Trainee: 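My questions will all concern the structure given below.
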Amino acid sequence: MNIDEAITGRRSVRDYTPKKVDEASVRRLLEAAVHAPTAIHEEPWAFIVVQDKNLLNRLSDDAKELLNSGADPIHPSGTSHLNDHLVAPEFNTFYNATTLIVICGKPIGAFVAADCWLAAQNLMLAAYAQGFGTCVIGLAVTALNTPQWKKELGIAADMTAFVPIIVGVPASETPPVPRKPPEILIWK
Ligand SMILES: Cc1cc2nc3c(=O)[nH]c(=O)nc-3n(C[C@H](O)[C@H](O)[C@H](O)COP(=O)(O)O)c2cc1C
């Protein structure tokens, strides 16, 4: 797959088959992630891989609870500005994907978040090229950074879970989402 095809063809996938992502494939994705550029080559990241169904369901439930109670500072108005289906009891924050990869940042310098997000895009493009679907799950960020989940997932207290990405085998085609043309402020 060429790079243009990967960039324009990647979609946020929200419908997955129950097929597990094998270990070799996960490792390839992590390898792609760590090839991202980082500020002063700090490589300030570490990764969490969750494939345990019960753990994923518990995390999904906690993320929803924080959101619905209005206790999620990233989404302070709860679901009111999001879709109603997010409050439905059967809604799974991870769309029943079999794998969650969380990119965590160590407290090194001012660009850790940027570094982690660059790694995220590498990972998602590599996943697409391997036939997997992905989706960033911003809804899970607050839950992941609670002391309980940090402890359970081995995230050190001074680290931040920046990017939760689900990975799985797409169960259906995801239609493209239109883009605005680039807004160029100045070109001198
Ligand atoms: C920071 C960030 C957070 C996101 N959080 C969620 C999320 O919680 N749930 C979800 O279904 N999609 C989430 N998305 C995916 C976006 O909705 C998606 O990228 C956008 O609609 C464009 O679609 P595309 O990725 O298929 O091009 C997130 C994307 C980003 C970059």
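Counting starts at 1 for both ligands and their atoms, following the listed order. Quick caveat, the model's predicted, so the values are computed rather than measured. Values reported hereafter were calculated over all heavy atoms of this structure, with side chains retained and with hydrogens, waters and symmetry mates removed.
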Trainee: Check each of Ile74, Val163, Val136, Thr134 against atom 30 (C) of ligand 1 and report the one with the nearest heavy atom.
Mentor: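 Nearest option to atom 30 (C) of ligand 1, by heavy atoms: Val136.
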Trainee: Salt-bridge test for Arg27 and Glu31: reply yes if a basic N is under 4.0 Å from a carboxylate O, no otherwise.
Mentor: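 Salt bridge flag = no for Glu31 with Arg27.
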Trainee: Just jot down the side-chain contact (heavy atoms from CB on, under 4.5 Å) partners of Asp158, sequence neighbours excluded, or say none.
Mentor: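 Asp158 satisfies side-chain contact (heavy atoms from CB on, under 4.5 Å) with Pro107, Ala156 only.
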Trainee: Tell me which protein heavy atom sits closest to atom 23 (O) of ligand 1, plus the residue, atom name and distance to 0.1 Å.
Mentor: Val177 CG2, 3.6 Å
Trainee: Which heavy atom of the protein is the closest neighbour of atom 17 (O) of ligand 1, given with residue, atom name and distance?
Mentor: Arg14 NH2, 3.0 Å
Trainee: Do ligand 1 and Leu139 have nitrogen or oxygen atoms that lie under 3.5 Å from each other?
Mentor: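 Yes; the residue has a nitrogen or oxygen that sits under 3.5 Å from a nitrogen or oxygen of the ligand.
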Trainee: Tell me the closest heavy-atom pair linking Ser12 and Thr174, and the distance in Å.
Mentor: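 Shortest heavy-atom contact: O-CG2, 3.5 Å.
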Trainee: Counting only heavy atoms, which portion of Ala140 has something under 4.0 Å from ligand 1: side chain, backbone, both, or neither?
Mentor: neither
Trainee: Are more than 12 heavy atoms from other residues, nucleotides or ligands located less than 6.0 Å from atom CZ of Arg28?
Mentor: no
Trainee: Of all the atoms in ligand 1, which lie at a distance below 4.0 Å from a heavy atom belonging to Tyr95?
Mentor: 9 (N), 10 (C), 11 (O)
Trainee: Can you find a heavy atom in the side chain of Ile7 that is under 4.5 Å from one in the side chain of Tyr128?
Mentor: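 The answer is no; the side chains never approach within 4.5 Å.
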Trainee: Measure from atom 19 (O) of ligand 1 to every heavy atom in Ala120, Ser12, Gly9 and give the option owning the shortest one.
Mentor: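 Minimum heavy-atom distance to atom 19 (O) of ligand 1 goes to Ser12.
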Trainee: Identify the closest protein heavy atom to atom 1 (C) of ligand 1: which residue and atom is it, and at what distance?
Mentor: Trp117 CH2, 3.4 Å
Trainee: By number and element, which atoms of ligand 1 are closer than 4.0 Å to a non-hydrogen atom of Gly138?
Mentor: 3 (C), 4 (C), 5 (N), 6 (C), 7 (C), 8 (O)
Trainee: What is the closest protein heavy atom to atom 22 (C) of ligand 1, and at what distance does it sit?
Mentor: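 Ranking protein heavy atoms by distance from atom 22 (C) of ligand 1, first comes Arg179 NH1, 3.9 Å.
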Trainee: Can you tell me how far apart OG1 (Thr146) and CG (Leu144) are? Round to the nearest 0.5 Å.
Mentor: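 Thr146 atom OG1 to Leu144 atom CG measures 7.5 Å (nearest 0.5 Å).
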Trainee: Taking distance alone, no hydrogens or angles, what donor-acceptor pairs closer than 3.5 Å link side-chain atoms of residues 113-125 to residues at least two apart or in another chain?
Mentor:
unit_1 : atom_1 : unit_2 : atom_2 : d
Asp115 : OD1    : Ala39  : N      : 3.1
Asn122 : ND2    : Ala32  : O      : 2.8

